[in-house]
Amino acid sequence: MNMPMAGAVECDVKTVAKPATPLLSVASLSKRYDGQDVIFRDISFELPKGQVVSIIGPNGAGKSTLLRCCVRLVEPDTGSVKIGQCELTALSHRQLVKARTRVGFVFQKHQLVGRMSVLSNVLHGALGRHRGPRLWAQALAPRDQREAAYHCLAQVGLQDFALRRADQLSGGQSQRVAVARALMQKSEMIFADEPTASLDPRSGNEIMELLQRLSHEQSLGVLMVSHDMSHAQSFSDRIVGLRDKGVKLNAPSHACSLSELRNFF
Amino acid sequence: MAIESGAPATVIPSRFDNPSWLSGVLFVLFIGFFSWALYGSEFSLSNLVEGIPNMGVIMSEMVPPDTERAWPIAKSVFVTLQMALVGAVIGIVLSLPLAFLAARNTSPHPLVYKVVRAWVSLVRTIPDLAWALFFVASVGLGPFAGVLTLIVDTIGFCARFFAEAIEEADPQPNEALKAIGAGTVDRCVVAILPEAAPSIINSSLFSLEKAVRSSVVLGLVGAGGIGAELAVSMEMFRYDQAATIILMVFVLVYGVERLSGWAREKCL
Ligand SMILES: Nc1ncnc2c1ncn2[C@@H]1O[C@H](COP(=O)(O)OP(=O)(O)OP(=O)(O)O)[C@@H](O)[C@H]1O
Ligand SMILES: [Mg+2]
């Protein structure tokens with residue numbers, strides 16, 4: 001892939017200042033579900049600190065599966081997943097639970113507890129770090145945690161919805177709450193599976209801007225799956241394309257034109 | 001043209017399949033078994049007809065209901081309610097953790113799942129009067145034996161329905177919290193319990209109603225409550241007292257059912 005220099009200005013600084021160990025490195029990962037054909041094989045890519053990496057690919061290419069494999073919600077068959085220096089595939093169940101706290105996860109939908117308040121849902125982001133009844137609901141929470149949750153909610157602009165029931169939110173608002181919960185986790189990276197699917201263009205852009213801002217301001221790594229090529233192109237630093245069971249594209253976003261991305265499918 | 005030359009559908013399928021010889025045999029067998037059962041259960045129309053005057057006498061002696069012992073009876077009805085309440089509430093509370101062990105999606109191990117399920121079905125299949133006799137024999141006569149019976153009875157009922165509610169809960173909020181490393185207990189409480197809550201509340205209210213109804217008969221075997229009074233009145237031919245008891249039991253059961261119906265509407 002050729003590397004056009006125009007339009008690459010703002011990303012270049014970061015590419016150069018890439019830290020030695022990436023937050024996440026995936027190497028030679030393969031997965032097949034029982035009784036099915038191989039979903040993907042020999043996948044390798046990295047998620048550097050402070051960058052947004054987008055995974056694109058046609059329906060059923062295995063993007064969601066790949067994301068789940070990265071925290072072993074789905075067990076990969078072979079290959080390695082490293083979070084920092086820590087080899088995930090070698091961990092015991094207990095160590096794995098601990099390692100997962102380093103990754104925030106935003107799913108496509110239906111991920112909030114509908115019968116609880118928005119603030120409680122955000123608070124649950126801290127359940128990775130702390131255990132116990134005080135984090136079950138906002139009414140029981142210690143003051144500092146409650147304030148932290150409120151602050152995270154304010155970051156996504158939903159502080160006025162704190163005590164609303166989560167099932168009364170619109171799709172876009174729920175998505176933002178899910179992002180706030182990931183923030184509450186104080187993780188080093190956020191994985192987001194189609195965070196903007198089913199959102200209108202404006203809310204979609206807002207989520208993307210938020211993720212990008214967070215990654216740049218707080219040096220978070222963001223790994224997201226997207227079907228929106230213009231999002232992938234304009235909000236991420238690197239694009240990984242998944243097709244025909246393998247990585248067929250792995251390039252800085254400024255090196256990929258929109259039409260190239262669309263032709264990828 | 002194949003359609004035009006085709007013969008019109010003269011053979012309409014018959015309404016019923018021809019009965020097979022097997023269903024004939026089964027039908028004859030059933031008739032035979034049923035007649036045998038009538039004989040075994042000493043079913044007799046003549047006895048029923050002879051009994052009708054007695055029924056009339058008992059009914060007529062029931063009015064007017066006796067008011068002399070109304071106060072002790074009311075107290076006893078109240079004890080029945082207390083037994084039902086304590087038994088049902090403790091049973092419900094104990095059912096919750098059992099249900100999480102007995103639900104496929106939250107059980108820590110398939111073996112635990114199987115063992116708890118099997119135990120709960122065993123508890124459920126043993127009738128409550130058998131439990132009552134067992135507890136009367138082990139802790140003595142009185143309401144406490146009844147409470148223990150109701151606890152066991154409630155567990156047999158609730159643990160199963162709670163487990164089903166838990167299995168039906170939307171897995172996605174749970175997975176989202178699992179992905180960020182939340183602990184099992186926390187996830188059960190925070191992501192699964194709220195999803196299953198309406199169903200759990202419904203079963204709980206139903207089991208409370210059930211406990212009130214069964215606590216009435218527990219007294220018959222000495223496990224406390226109003227049942228004992230009823231047995232004594234009937235045996236002493238004090239049908240007017242029995243009528244008072246039956247009326248009060250009716251008020252109790254009806255009252256609890258209305259109350260739980262109201263609670264159901266409020267909560268769900
Ligand atoms: N739990 C599962 N068990 C068996 N097969 C599965 C499971 N989850 C996904 N698959 C299969 O794996 C393949 C990849 O699915 P996956 O959800 O990862 O695709 P995707 O790239 O995320 O697609 P989309 O763009 O539609 O979200 C599909 O063929 C799917 O049927
Ligand atoms: Mg997907």
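These numbers were taken from a predicted model, which means no experiment stands behind them. Quick note: numbers below take in every heavy atom, side chains included, and nothing from hydrogens, waters or symmetry partners. All chains are named by letter (A, B, ...) in the order of the sequence lines, taking the proteins before the strands, and each is independently numbered beginning at 1.
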Legend entry - Part of V190(B) within contact of chain A (heavy atom distance under 4.5 Å):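 Contact with chain A involves both backbone and side-chain atoms of V190(B).
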
Legend entry - Per-residue contact mode, D186(B) against chain A (heavy atom under 4.5 angstrom):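 Both the backbone and the side chain of D186(B) come within 4.5 Å of chain A.
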
With a 6.0 Å cut-off (strictly less than), is the heavy-atom count around [atom1] of [X], excluding the residue itself, greater than 12?
X: K82(A); atom1: NZ; value: no
X: E75(A); atom1: CD; value: yes
X: F206(B); atom1: CZ; value: no
X: K31(A); atom1: NZ; value: yes
X: H151(A); atom1: NE2; value: no

Legend entry - chain B contacts, top residue of F107(A), F191(A), W136(A) (heavy-atom pairs, under 4.5 Å):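 Top count of heavy-atom pairs under 4.5 Å with chain B: W136(A).
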
Legend entry - Choice from S187(A), A137(A), G132(A), A99(A) maximising heavy atom contacts with chain B below 4.5 Å: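 Most heavy-atom pairs under 4.5 Å with chain B: G132(A).
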
Could you pull out the closest heavy-atom pair between [X] and [Y], with the gap in Å?
X: H124(A); Y: I180(B); value: O-CD1, 3.8 Å
X: A179(B); Y: R100(A); value: O-CB, 3.5 Å
X: V113(A); Y: P173(B); value: CG2-CB, 4.1 Å
X: P194(B); Y: M116(A); value: CG-SD, 4.0 Å

Of the backbone (N, CA, C, O) and the side chain (C-beta and beyond), which part of [X] lies under 4.5 Å from a heavy atom of chain B, both, or neither?
X: R181(A); answer: side chain
X: L73(A); answer: side chain
X: Q111(A); answer: both
X: R129(A); answer: neither

Inset, instruction - Nearest 0.5 Å please: distance from the CG atom of N121(A) over to the CG atom of L177(B). - result: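 Here the interatomic distance stands at 8.0 Å.
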
Inset, instruction - Heavy atoms only, distances under 4.5 angstrom: which of D170(B), V189(B), N174(B), I192(B) has the most pairs with chain A? Name it, please. - result: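 Most pairs with chain A among the choices: V189(B).
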
